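Below, read A as the first sequence line, B as the second, and so on, with proteins coming before strands; counting in each chain starts at 1. Since the structure is predicted, the reported quantities are computational estimates derived from the model, not experimental observations.
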Protein chains: 2
Amino acid sequence: MGITRQTKQVKTLLNIFDNNEKAISVVDLIKLLEAQMNKTTVYRILDKLMDDGVVHSFVGKGGLKWYAKCQDCSCETHNDVHPHFQCKTCGEVECLSVSFTLPPINGYMVESASLFIVGVCSNCL
Amino acid sequence: MGITRQTKQVKTLLNIFDNNEKAISVVDLIKLLEAQMNKTTVYRILDKLMDDGVVHSFVGKGGLKWYAKCQDCSCETHNDVHPHFQCKTCGEVECLSVSFTLPPINGYMVESASLFIVGVCSNCL
DNA sequence: AAATATAACGCAACTTAGTTGCATTATGAA
DNA sequence: TTCATAATGCAACTAAGTTGCGTTATATTT
Ligand SMILES: [Mn+2]
Ligand SMILES: [Mn+2]
Ligand SMILES: [Zn+2]
Ligand SMILES: [Zn+2]
């Protein structure tokens, strides 16, 4: 079940994702919002925003959780199957708007796949 | 720097990877070996086996670290760039001996990429 | 404009993965 | 057998994420 009440904290988080193309880690979110809300609240709101198809999450380089705004998702359909890229230089993480084809693996049923790419972004090159 | 002394603990871990095609998580390794060695030792030996090109690691579904034997790696060259697969049914994680091509991303320098696939393995289908 | 039901929040305490410092042990070379 | 030191065990710590519960605030009803 997703969000039912538009609390001050929910609005704050929605605002962050609306004005931010890049992905952001939970750790950074908690640090950024420590004056405004509890870390438990951050985790809980993120969970609900996931349910609502507002954001999607993925596991980054060090095993940390990252979140980014969904493009064309809703409660019912999560279409955000795209690679994620982390820049070694500036540290920023972004969703790549490209589709990728999985290698052929006979006899396996594929349910989901995540591709994480590390390198140097166009700004830092 | 890698391993310089063939301790009992090192032999135990080498033996596990030699007799095991599948990948294994650190958590499972620690549980499996709790009677034989300390968890700190497990982490430290795995680090060194990485340096020596004996094993490689990757981040699994939940952000946990997994390890598997390298095929053709050494201290100098780590060639193990392949996807990893986790079966939802049996939970086993394996290295896929297939190569995959990255999607074209103009203006970015790619350094490494990891592809993690979740589904049902051939045994469980 | 109250009253009210309850979703959501804050807080503290907890769990778990992984790390660090240091005293002790055991390996391999001299 | 001696000896330097790599490696281990242990305890304490850090950091990410979770849980339970009492309190607060939102949105609906009266
Ligand atoms: Mn994304
Ligand atoms: Mn592998
Ligand atoms: Zn960059
Ligand atoms: Zn299976």
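- One can place CG of N38(A) at 8 Å from C1' of dC9(C), the figure rounded to the nearest angstrom.
- A113(A) and F100(A) get closest at one heavy-atom pair: O-CZ, 4.2 Å.
- A perpendicular orientation is assigned to the rings of F85(A) and Y108(B), their planes being inclined by more than 60° (bins at 30° and 60°).
- In this structure, CG of L46(B) is placed 14 Å from P of dA17(C), rounded to the nearest angstrom.
- If you check the side chains of T41(B) and N38(B), you find no donor sitting under 3.5 Å from an acceptor.
- Here the C1' atom of nucleotide dA25(D) and the CD1 atom of I45(A) are 13 Å apart, to the nearest Å.
- Separating the CE atom of M37(A) from the P atom of dA25(D) is a distance of 14 Å, rounded to the nearest angstrom.
- We find that CG of D47(A) is positioned 7 Å from P of dT18(D), with the value rounded to whole Å.
- Nearest to the side-chain atoms of R44(A) among the listed nucleotides dG10(C), dA8(C), dT20(C) stands dG10(C).
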List the steps, then state whether side chain to side chain contact (heavy atoms under 4.5 Å, CB included) holds for K11(A) with Q6(A).
-> CA-CA 7 Å; K11(A) 286 174 192 158; Q6(A) 285 285 114; 3.9 Å; yes
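- Taking the six-membered ring where the residue is Trp, H56(B) and H82(B) present perpendicular rings, their angle passing 60° and hence far from 30°.
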Determine, step by step, whether L46(B) and F17(B) satisfy the side chain to side chain contact (heavy atoms under 4.5 Å, CB included) criterion, reporting the C-alpha distance in whole Å, the side-chain angles of both residues, the deciding distance to 0.1 Å, and the verdict.
-> CA-CA 11 Å; L46(B) 287 173; F17(B) 285 107; 3.8 Å; yes
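- Nearest-nucleotide mapping onto DNA chain C: of T40(A) and V27(B), the residue sitting toward the 5' end is T40(A).
- Rounded to whole angstrom, the span from the CD atom of Q36(A) across to the P atom of dA25(D) amounts to 16 Å.
- Comparing G2(B) and K65(A) along DNA chain D, the residue whose closest nucleotide (by nearest heavy atom) sits nearer the 5' end is G2(B).
- Residue contacts for I30(B): at a heavy-atom cut-off of 4.0 Å it reaches no nucleic acid atom on any strand shown.
- The salt bridge (Lys or Arg N to Asp or Glu O under 4.0 Å) check on K88(A) picks up E111(B), with sequence neighbours excluded.
- In this structure, K39(B) does not reach the dT19(C) phosphate: none of its side-chain N or O atoms is under 4.0 Å from OP1 or OP2.
- Look at CG on L29(B): it is 14 Å from C1' on dG18(C), rounded to the nearest Å.
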Within the sub-3.5 Å range, which N or O atoms of nucleotides 26-30 of chain C have a protein N or O partner, and how far apart are they?
unit_1  : atom_1 : unit_2 : atom_2 : d
dT27(C) : O2     : R5(B)  : NH1    : 2.8
dT27(C) : O2     : R5(B)  : NH2    : 3.4
dG28(C) : OP1    : Q6(B)  : N      : 3.0

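- Atom P of nucleotide dT15(C) and atom OH of Y43(A) are separated by 17 Å, given to the nearest angstrom.
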